[in-house]
Amino acid sequence: MGSNKDLAEKLSDIADILDIEGVKWEPRAYRTAALTISGLSEDIGKVYREGRLLELEGVGKSIANSIKEYVETGKIDKYEDLKKKYPIDFDSFRKIRGMGPKRAYLLYKKLGIKTVEDLKKALDEGKIQNIEGFGKKSEEELKKNLESFMNVKNDRLLLGYVIEYAGSLIEKLRKSGLFERVEIAGSMRRMRETIGDIDILAISEKPEAGMDFFSKMDEVKGIVVKGPTKTTVELGIGTTCDIRVLPKESFGAAMQYFTGNKDHNVKLRKIAISKGLKLNEYGLFKGKNSIAGKSEEEIYNKLGMDFIQPELRENTGEIEAAQEHKLPKIVEYSEVIGDLHAHTKDSDGMNSLEEMAYAAEKRGLKYIALTNHSKSLPVAHGLDEKRFSELNKKIDSFNEKSSIKILKGVELEILKDGSLDLKNESLKELDFVIGAMHQNLNMGSKELTARLIKAINSGMINTVAHPTDRIIGQREGLKLDFDKVMEACKNNDVLLEIDGYPERSDLPFDLVKKAKSYSIKFSLGSDSHRTEHLRFLDLAAAIARRGWLEKKDIINTLEYKEVLKLRR
DNA sequence: GCCGTTTTCGGCCCGACTGTTTTCAGTCG
């Protein structure tokens with residue numbers, strides 16, 4: 001029994017070794033496949049068993065066979081053979097800046113370095129600088145990068161906790177007066193739930209002065225590279241930040257290029273080539289003439305397709321849809337007018353009912369569902385029927401006198417056997433019921449799926465809370481059979497939730513897309529436990545956009561009274 | 001090894017930066 005991550009690492013290792021052997025192009029193929037698999041949100045074993053391996057980007061006959069081997073035996077012969085020949089810990093070296101496969105091999109050949117520990121020892125003994133192709137500076141560089149590799153806890157940061165920080169960086173740069181324009185690009189612009197670094201693009205008449213200003217900002221801990229138009233620094237918060245300065249006439253091309261993702265860009269470039277054009281960060285070129293570059297729109301249009309929103313740029317069919325003019329009109333952030341998952345201090349939140357409601361109103365919302373935990377979650381001070389009934393009265397009187405409305409809700413425990421934590425009479429008094437599994441999750445996939453489906457079939461819940469139950473960086477999602485779950489949701493008019501709380505970001509966008517294909521509708525929630533968390537609703541909206549959802553797919557775009565009608 | 005709106009064979013994204021070279025390879029995004 002292996003994992004997607006382990007398989008992806010093995011395929012990357014194969015790529016590295018083939019690279020060393022001077023094999024042309026094959027490494028690229030293995031890397032593409034590795035990338036696809038590491039980004040997959042379903043178990044590769046499942047994909048294999050359902051005979052869908054060849055549908056994966058970059059997986060052909062040969063790699064599909066390797067995956068088959070891996071799923072069935074946990075091993076890949078080709079990998080084992082190559083690894084015997086090159087017993088090098090490529091997987092760790094890959095993560096050290098400046099250590100690619102070629103250098104790793106050179107150091108192995110010359111000094112017998114196989115592991116990170118070996119490398120550290122050789123560096124400490126000053127042996128690296130004498131190797132041909134290395135020098136004193138490379139040695140120093142490697143030392144530094146090895147250090148930061150050993151200190152790194154988690155390589156990607158959660159969008160929800162970095163986005164405001166990045167916003168303040170941008171503001172500082174704008175106010176410096178050295179730039180005509182400064183914008184965020186990269187995975188942050190695509191609103192991916194985790195980001196590897198922060199990418200900033202700028203237009204400037206004085207790029208060198210701009211680079212100087214940037215590299216000396218308070219937030220900067222160290223400089224990684226610094227050139228006249230491109231600088232990379234390490235920030236105090238534990239991530240790197242790239243800034244790139246480009247000419248005005250190229251800014252659209254640069255935004256397009258640096259927003260990514262990589263696969264999306266590669267495909268666009270191939271399309272450019274097929275039309276006898278060339279696309280790079282400076283523009284779209286016919287021979288030496290630029291035919292587009294100022295704006296992203298003109299680049300997409302000149303390539304024969306509609307403009308594609310940043311959140312969609314993942315190479316998961318958006319380019320084909322844009323060519324056929326069939327992209328959905330995805331939901332706007334401003335169209336989400338209510339929050340359908342929040343807590344107060346009645347259970348495990350920090351703020352009162354009034355504080356939460358008024359804070360939501362201040363953010364421009366028209367309603368908020370207060371969905372406190374139910375009694376079987378004692379760690380969160382879950383409420384019993386009696387306390388819910390009292391809270392409901394408070395909400396009714398609040399609603400009478402205020403313009404923002406509160407929905408009487410619950411985040412209801414789905415018990416071990418699939419029964420519900422509150423009596424039906426009590427549930428009938430509520431406006432919005434979120435079914436959730438927080439406890440007793442150590443059961444088999446079949447049992448978990450059956451448990452959830454029993455709750456969905458009860459007719460008493462509106463939506464399923466954070467359906468995969470993943471915690472990013474801490475635990476994988478539950479191995480639910482989502483085809484069955486979605487089928488059940490569809491048959492019972494039960495929604496799936498998109499929980500915007502940064503660690504959850506759940507459903508993930510690819511499962512959102514899948515659920516949409518079942519014609520399921522969605523509820524969005526910030527899962528706020530304090531007023532400051534209400535901004536996470538935008539992150540839920542971002543996932544909705546990344547999952548191609550339109551206004552009509554999301555009930556938070558309905559008016560308060562319409563949402564009330566959904567409750568039977 | 002993968003893939004197809006020039007193709008089932010013959011291509012495979014492209015430019016910046018660094019350090020070591022003495023014109024470029026390796027790495028990165």
Separation between the [atom1] atoms of [N] and [M], rounded to whole Å:
N      : M      : atom1 : result
B/dT21 : B/dG26 : C1'   : 12 Å
B/dC9  : B/dG15 : P     : 31 Å
B/dG4  : B/dC13 : P     : 13 Å
B/dC17 : B/dT22 : P     : 23 Å
B/dT7  : B/dC12 : P     : 15 Å
B/dT23 : B/dG19 : C1'   : 13 Å
B/dG11 : B/dT6  : P     : 15 Å
B/dT8  : B/dC3  : C1'   : 9 Å

- [ ] Name every residue in residues 15-25 of chain A that has at least one heavy atom under 4.0 Å from any atom of DNA chain B, in order of residue number, or write none if there are no such residues.
- [x] A/W25
When you measure from the side chain of [X], which nucleotide among [options] comes out closest?
X      : options               : result
A/I63  : B/dC2, B/dG19, B/dC14 : B/dC2
A/T229 : B/dC17, B/dC12, B/dG1 : B/dC17
A/R244 : B/dG15, B/dG1, B/dG19 : B/dG15

Task: Distance-minimising heavy-atom pair for A/G547 and A/K513 - done: O-CG, 3.7 Å
Just the rounded figure in Å: distance from [atom2] of [N] to [atom1] of [X].
X      : N      : atom1 : atom2 : answer
A/K137 : B/dT21 : NZ    : P     : 13 Å
A/E57  : B/dC3  : CD    : C1'   : 10 Å
A/M211 : B/dC17 : CE    : C1'   : 13 Å
A/R31  : B/dC12 : CZ    : P     : 18 Å
A/L277 : B/dC14 : CG    : P     : 12 Å
A/I67  : B/dC2  : CD1   : C1'   : 13 Å
A/I243 : B/dC17 : CD1   : C1'   : 16 Å
A/I319 : B/dG4  : CD1   : P     : 13 Å

Open item on the list: Could you measure the distance from the CD atom of A/Q323 to the CE atom of A/M305? Nearest 0.5 Å is fine.
Closed with: 4.5 Å
Task: Proximity of A/Y86 and A/Y108 rings by center, below 6.0 Å - done: no
[N] phosphate, OP1 or OP2: any side-chain N/O from [X] under 4.0 angstrom?
X      : N      : result
A/Y282 : B/dA16 : yes
A/S138 : B/dT20 : yes
A/K136 : B/dG19 : no
A/N280 : B/dG15 : yes

Task: Between A/Y161 and A/E503: side-chain donor-acceptor atoms closer than 3.5 Å - done: yes
- [ ] Answer with yes or no whether the side chains of A/Y501 and A/D506 bring together a donor and an acceptor at under 3.5 Å.
- [x] no
Task: Protein proximity profile, nucleotides 24-29 of chain B - base contact B, sugar-phosphate-only contact S, no contact -, cut-off 4.0 Å on heavy atoms - done: --SSSB
[X] side chain vs [Y] backbone, donor-acceptor pair below 3.5 Å:
X      : Y      : answer
A/S66  : A/I76  : no
A/R535 : A/G160 : yes
A/T232 : A/V225 : no

TODO: Report, as yes or no, whether the 6.0 Å neighbourhood of atom NZ on A/K114 holds more than 12 heavy atoms from other residues, nucleotides or ligands.
DONE: no
Open item on the list: Taking atom NZ as the centre, does A/K294 end up with more than 12 heavy-atom neighbours from other residues, nucleotides or ligands that are less than 6.0 angstrom away?
Closed with: no
Task: Opposite nucleotide pairing with B/dT27, Watson-Crick or G-U, both atom distances under 3.5 Å - done: B/dA16
- [ ] Give a yes/no verdict on a cation-pi contact between A/R103 and A/F134, requiring under 6.0 Å between NZ or CZ and the six-membered ring centre and an angle within 45° of the axis.
- [x] yes
- [ ] For A/K267, report the nucleic acid contact type (base, sugar-phosphate, nothing); a contact means any heavy atom under 4.0 Å.
- [x] nothing
Open item on the list: Does A/I273 reach a base, just sugar-phosphate, or nothing at all? Heavy atoms under 4.0 Å.
Closed with: base
Open item on the list: Among A/E314, A/E320, A/E318, which residue satisfies the salt bridge (Lys or Arg N to Asp or Glu O under 4.0 Å) criterion with A/K267?
Closed with: A/E320
Open item on the list: Nearest heavy atom decides the nucleotide; on that basis, is A/G60 or A/I271 closer to the 5' end of DNA chain B?
Closed with: A/G60
Task: 5' priority, DNA chain B, between A/S274 and A/V225 [closest heavy atom] - done: A/S274
